[in-house]
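The first residue in the sequence is number 1, and the count goes up from there. Fair warning: this is a prediction, and the values are worked out from it, not measured in the lab. In what follows, every heavy atom counts, from backbone to side chain, and hydrogens, waters and symmetry copies are set aside.
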Amino acid sequence: MLYELHELQHAMLAPWHALAHLNRELFTHPFSPLSYLPASERLAASADLVQRLTRRYEKPQFGLHRTAVEGVEVAVTERVAIGKPFCRLLHFERAAQRRDPKVLVVAPLSGHFATLLRDTVRALLPEHDVYVTDWVDAKMVPLAEGAFHLDDYVDYVREFMRYLGPDMHVIAVCQPTVPVLGAVALMAAAGEAAAPRTMTMMGGPIDARRSPTAVNGLAAKKPLAWFERALIQRVPVKYPGFMRRVYPGFLQWLGFVAMNATRHADAHWDYYNHLIEGDGDSAAAHRRFYDEYNAVLDMPAEYYLDTIATVFQRFDVPEGRWRVRGEPVRPAAISRTALLTVEGELDDISGAGQTEAAHALCTGIPAHRSAHYLAPGVGHYGIFSGRKWRELIAPRVRNFIREYA
């Protein structure tokens with residue numbers, strides 16, 4: 001019922017959105033006499049803000065069409081290498097002859113689209129052959145495709161790694177550190193040649209008991225039945241995934257905003273003032289960020305509930321109890337894959353030590369093939385996006401991959 005009310009709210013706001021769009025044009029268009037009124041800047045800024053607050057945010061595009069290889073600009077073509085019901089494996093093909101390490105970037109299935117890692121991919125493209133998991137919005141997956149559990153996530157990662165072959169490298173950003181660890185551990189235990197050369201884990205909850213954050217606290221306080229009762233909804237009739245059980249993107253978005261409500265309110269107030277002052281660069285930066293931040297997807301309910309129980313309530317991974325399709329996950333079986341963990345000093349989603357915990361589990365990896373980096377002054381998103389990612393973290397990831405390429 002909550003999902004239907006959300007859709008009804010959007011339908012009711014549609015006229016206000018259209019009116020705000022009209023007013024913005026009336027108070028900004030050079031041929032409109034209203035644009036020359038003394039208060040036109042404020043009226044236009046107000047209309048612009050209302051328009052953004054009442055619009056739907058669709059999935060953004062990666063928009064990565066060019067990169068530089070050895071100082072020469074080359075074209076980049078985005079194509080689907082493997083299409084699965086819940087995920088597409090994207091390949092960013094460069095028009096370059098150079099053979100670089102194949103890198104699988106496993107994007108989080110935790111509310112936002114894979115395009116949130118645009119900066120991650122952009123930094124890797126000059127020296128790597130990049131593939132990315134592009135998760136599908138669950139409301140767009142027909143019910144006939146079946147359920148999607150955490151075990152299915154692990155299966156997808158294993159399939160993608162096998163496709164890329166034995167010389168590939170894997171980078172897991174945030175939530176997928178757990179299924180990636182599971183996939184690599186199972187492949188190592190089975191003696192599969194396709195196990196990656198390196199495994200880079202960035203800001204993920206391998207052991208959520210360490211430096212618990214507000215996210216960890218909520219998961220620990222509430223019983224699993226509460227999450228199922230309060231957060232899981234059925235997809236409405238207008239979408240291909242009608243009747244599928246999901247954790248809706250709009251509820252996730254509310255949770256994101258609630259964690260830093262004051263900061264988001266200040267950002268919108270600043271945006272309003274930038275419009276009045278004519279600061280186009282700052283206003284454009286705000287739009288770019290929130291076009292991405294406000295675009296959210298629905299997660300399959302089974303996968304979400306599995307993750308809450310396995311990772312944040314029972315701590316099956318560090319406790320050695322995790323099983324995938326009945327098969328025990330033994331990180332100690334990993335021996336040929338080198339391990340790099342990266343954490344942000346100011347990460348308020350995966351606290352310091354949660355990702356580093358992978359080293360204590362992967363006892364089969366020699367110490368000289370393991371490394372950990374705590375990025376000073378870096379929050380969660382700064383681990384994989386922004387200036388500090390490009391200047392502090394990306395070079396370390398690149399050098400680590402090259403060392404074992």
Side-chain angles (χ1 to χ4, degrees), residues 1-10 56-59 84-88 106-116 133-157 173-179 204-205 208 213-260 292-314 316 349-350 380:
M1 186 64 183
L2 193 58
Y3 212 136
E4 285 80 2
L5 290 174
H6 171 73
E7 293 296 318
L8 177 62
Q9 178 194 43
H10 264 293
R56 283 185 183 270
Y57 289 84
E58 303 298 333
K59 178 184 177 181
K84 306 283 288 182
F86 292 90
C87 186
R88 305 183 310 160
V106 185
L109 176 53
S110 55
H112 287 106
F113 290 95
T115 50
L116 195 67
T133 57
D134 183 30
W135 299 102
V136 176
D137 189 338
K139 69 173 173 282
M140 305 305 292
V141 182
L143 194 60
E145 295 292 352
F148 186 79
H149 290 269
L150 181 58
D151 286 5
D152 296 298
Y153 194 130
V154 175
D155 289 344
Y156 272 33
V157 173
V173 181
C174 188
Q175 162 271 323
T177 54
V178 171
T213 64
V215 174
N216 306 139
L218 175 64
K221 285 181 197 173
K222 304 287 187 181
L224 191 64
W226 179 89
F227 288 94
E228 185 164 14
R229 183 177 64 253
L231 301 180
I232 303 305
Q233 302 288 314
R234 295 275 185 183
V235 175
V237 67
K238 65 179 287 187
Y239 297 106
F242 172 54
M243 290 303 291
R244 178 175 293 283
R245 296 173 72 241
V246 298
Y247 178 19
F250 68 88
L251 287 180
Q252 299 169 62
W253 179 86
L254 287 172
F256 299 151
V257 172
M259 288 180 63
N260 295 285
E292 193 79 53
Y293 191 83
N294 292 336
V296 289
L297 54 73
D298 293 355
M299 282 193 281
E302 307 84 15
Y303 155 77
Y304 174 70
L305 295 172
D306 285 351
T307 301
I308 291 294
T310 301
V311 179
F312 296 105
Q313 291 190 343
R314 297 196 304 259
D316 286 346
I349 294 179
S350 293
H380 187 72

Looking only at heavy atoms, which two atoms of [X] and [Y] are closest? And how far apart?
X    : Y    : result
I308 : A219 : CD1-CB, 4.4 Å
P248 : L231 : CD-O, 3.2 Å
A138 : V246 : CB-CG1, 3.8 Å
G241 : V235 : O-CB, 3.2 Å
P108 : Q175 : CA-OE1, 3.2 Å
D306 : H149 : OD2-ND1, 2.9 Å

Ion pair D155/K84, N-O distance below 4.0 Å: no
Ion pair present between E228 and R245, side-chain N to carboxylate O less than 4.0 angstrom? yes
Could you tell me which residues satisfy side-chain contact (heavy atoms from CB on, under 4.5 Å) with D137, sequence neighbours excluded, listed by chain and number? F113, K139, M140, L297, D298
A220: partners by side-chain contact (heavy atoms from CB on, under 4.5 Å), with sequence neighbours left out: none
Test ring pair (Phe, Tyr, Trp, His ring centres under 6.0 Å) on Y247 and Y303; report intermediate values, then the result. CA-CA 9 Å; Y247 178 19; Y303 155 77; over 10 Å; no
Within the 6.0 Å centroid threshold, strictly below: Y293 and Y57: no
From [atom1] ([X]) to [atom2] ([Y]), nearest 0.5 Å:
X    : Y    : atom1 : atom2 : result
R234 : E4   : CZ    : CD    : 11.0 Å
F86  : W135 : CZ    : CH2   : 10.0 Å
L251 : H6   : CG    : NE2   : 8.5 Å
S110 : I349 : OG    : CD1   : 8.0 Å
L109 : Y304 : CG    : OH    : 12.0 Å
E292 : K59  : CD    : NZ    : 10.5 Å

Walk me through whether L143 and F242 qualify under side-chain contact (heavy atoms from CB on, under 4.5 Å). CA-CA 7 Å; L143 194 60; F242 172 54; over 6 Å; no
Does some side-chain heavy atom of [Y] sit less than 4.5 Å from a side-chain heavy atom of [X]?
X    : Y    : answer
F250 : V296 : no
S350 : T213 : no
F227 : Q313 : yes
V178 : Y153 : no

Using a distance-only test with no angle check, is there a side-chain donor-acceptor pair under 3.5 angstrom linking E7 and Y239? yes
Expected output: side-chain E145 to main-chain P85 donor-acceptor under 3.5 Å: no
